[in-house]
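The structure presented is a predicted model; accordingly, all values stated were derived computationally and were not measured.
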Amino acid sequence: MTLYGGLTADCTELHVDKEKKILVQTRPAFGGNIMAQIICPDFRPQMATVRHKVMPEAESDPTRRGEVILEAFDAAWEDKRVKVLEFVTENVLTVKLAEADIVVSGGRGMQNPENFAILDELAKALGGAVGASRASVDSGWIPYSHQVGQTGRTVCPKIYIACGISGAIQHLVGMQSAKYIIAINRDADAPIMKVADLAIVGDLFKIVPMLTAKIKAERGIA
Ligand SMILES: Cc1cc2nc3c(=O)[nH]c(=O)nc-3n(C[C@H](O)[C@H](O)[C@H](O)COP(=O)(O)OP(=O)(O)OC[C@H]3O[C@@H](n4cnc5c(N)ncnc54)[C@H](O)[C@@H]3O)c2cc1C
């Protein structure tokens, strides 16, 4: 049966227009330069896939049971179609950023690559990973594998700490589903402060080391 339905892949946001009963599917288009809203008004079902980590994970419910259907599978068939060319070691840093419960990110406010050491130290004290805005990556202060945002990684940690990041929309789409957002910025009106659960107005070079010292003391880390 042909459904004639569309599929919008890699969405960064989904919402339902209740009046028109339409699923509005938002995703970056034209190399990330615009956010396109795509709808499928005439055919059903309406289908979309979402980018990894743009939505918080559902709580696990151990009472739910699925039916296991065992299908017979001829392994020889797979052997004919699949050939292992090479094993590539996974970039642990990149994976850690996407999987980390705590992400400490730095933006242009970090001023230079050496200053990222204070974020490394805070992340280490918290058992988290270091992220970055595109401005820091484009400045060559930190590798691209740390970039959070529309053209970088999407993260959904329990805590996201943005240091010296203004909160451009392209950055926000990569981290706004974090459970708790802490922003450290000397500009109280920076957009990141509006999405933050805790907005700390001040100089990150004073606040971050103080935070690290406090966490180390609480955790008994030397
Ligand atoms: C197609 C496209 C894709 C993009 N993709 C991404 C992406 O994936 N990720 C991304 O991050 N951006 C992306 N961008 C770029 C984005 O638009 C912003 O330019 C970028 O996020 C800005 O980075 P920033 O916040 O670090 O720098 P800025 O906007 O310059 O902000 C620096 C902030 O630091 C604060 N600050 C400075 N000094 C201190 C201090 N001592 N203490 C405290 N605060 C201080 C300032 O008040 C300011 O708010 C994209 C842009 C385009 C056009």
Side-chain angles (χ1 to χ4, degrees), residues 11-15 26-28 32 35 50-59 96-112 115-139 141-142 144-219:
C11 294
T12 51
E13 198 187 319
L14 295 175
H15 75 267
T26 305
R27 59 149 297 150
M35 297 301 279
V50 289
R51 187 176 286 192
H52 182 51
K53 293 275 179 183
V54 292
M55 290 174 186
E57 280 168 27
E59 293 293 329
K96 199 165 176 234
L97 179 62
E99 303 304 323
D101 278 344
I102 301 177
V103 174
V104 181
S105 280
R108 208 192 308 266
M110 297 309 297
Q111 295 177 5
N112 61 47
N115 286 336
F116 268 84
I118 64 167
L119 301 190
D120 281 336
E121 213 175 323
L122 176 57
K124 222 181 273 172
L126 290 165
V130 174
S133 73
R134 178 161 157 180
S136 328
V137 172
D138 286 352
S139 303
W141 300 343
I142 185 161
Y144 170 72
S145 57
H146 294 260
Q147 186 177 315
V148 172
Q150 190 178 306
T151 42
R153 288 250 150 198
T154 302
V155 296
C156 184
K158 289 184 182 149
I159 303 175
Y160 187 87
I161 308 178
C163 308
I165 293 177
S166 60
I169 183 65
Q170 296 90 353
H171 188 81
L172 297 184
V173 295
M175 45 62 73
Q176 62 193 356
S177 59
K179 282 212 177 91
Y180 196 85
I181 299 170
I182 301 173
I184 304 171
N185 200 302
R186 61 184 179 194
D187 176 7
D189 296 323
I192 192 84
M193 304 307 237
K194 291 178 183 67
V195 300
D197 298 286
L198 177 65
I200 304 174
V201 182
D203 183 359
L204 73 92
F205 295 107
K206 286 195 186 131
I207 294 160
V208 172
M210 270 165 40
L211 204 55
T212 308
K214 181 85 182 146
I215 289 160
K216 280 184 170 176
E218 291 283 332
R219 295 192 155 183

How many angstroms lie between atom CD of E99 and atom NZ of K53, to the nearest 0.5 angstrom? 4.5 Å
Side chains of V148 and H171: does their closest heavy-atom pair fall under 4.5 Å? yes
With a 3.5 Å cut-off and sequence neighbours excluded, list the donor-acceptor pairs that the side chains of residues 118-131 form with protein atoms.
| from | atom 1 | to | atom 2 | distance (Å) |
| --- | --- | --- | --- | --- |
| E121 | OE2 | K216 | NZ | 2.8 |

What I'd like to find out is whether the side chain of S166 reaches to under 4.5 Å of the side chain of D187, using heavy atoms alone. no
Check whether any side-chain heavy atom of V104 sits under 4.5 Å from a side-chain heavy atom of I159, and report yes or no. no
Determine, stepwise, if the pair M110 / I142 fulfils side chain to side chain contact (heavy atoms under 4.5 Å, CB included). CA-CA 11 Å; M110 297 309 297; I142 185 161; over 6 Å; no
Please answer whether the main-chain N or O of D189 pairs with a side-chain N or O of K194 as donor and acceptor at a distance below 3.5 Å. yes
CD/E13 to CZ/R51 distance, rounded to the nearest 0.5 angstrom? 12.5 Å
Give the minimum heavy-atom separation between G106 and S136, together with the two atoms involved. O-OG, 2.9 Å
Of all heavy-atom pairs between P191 and G167, which one has the smallest distance, and what is that distance? CB-O, 3.5 Å
If I take atom OG from residue S177 and atom CD from residue E57, how far apart are they, to the nearest 0.5 angstrom? 10.0 Å
Which atom pair, heavy atoms only, marks the closest approach of Q111 to W141? O-CZ2, 3.2 Å
Tested for salt bridge (charged side-chain N to carboxylate O under 4.0 Å, His left out) against D101, the lone hit among K179, K158, K96 is K158
Checking V103 against M175 for the side chain to side chain contact (heavy atoms under 4.5 Å, CB included) test, could you report, in this order, the C-alpha distance in whole Å, the side-chain angles of both residues, the deciding distance, and whether it holds? CA-CA 10 Å; V103 174; M175 45 62 73; over 6 Å; no
Using every non-hydrogen atom in the two residues, find where C156 and M55 come nearest and quote the distance to one decimal. SG-O, 3.9 Å
How many angstroms lie between CD1 in I102 and CD1 in I215, if you round to the nearest 0.5 Å? 7.5 Å
Just how far is it from atom OG1 of T154 to atom CG of L97, taken to the nearest 0.5 Å? 10.0 Å
To the nearest 0.5 Å, what is the distance between CD1 (I161) and CD1 (I181)? 11.5 Å
A quick test of your reading: do over 12 heavy atoms of other residues, nucleotides or ligands sit less than 6.0 Å from NZ of K206? no
For a 4.5 angstrom cut-off between non-hydrogen side-chain atoms, does M193 reach N185? yes
Smallest heavy-atom separation, A178 atom then Y160 atom, equals CB-CB, 3.8 Å
What heavy-atom pair brings C163 and L204 nearest, and what distance separates the two atoms? C-CD2, 4.0 Å
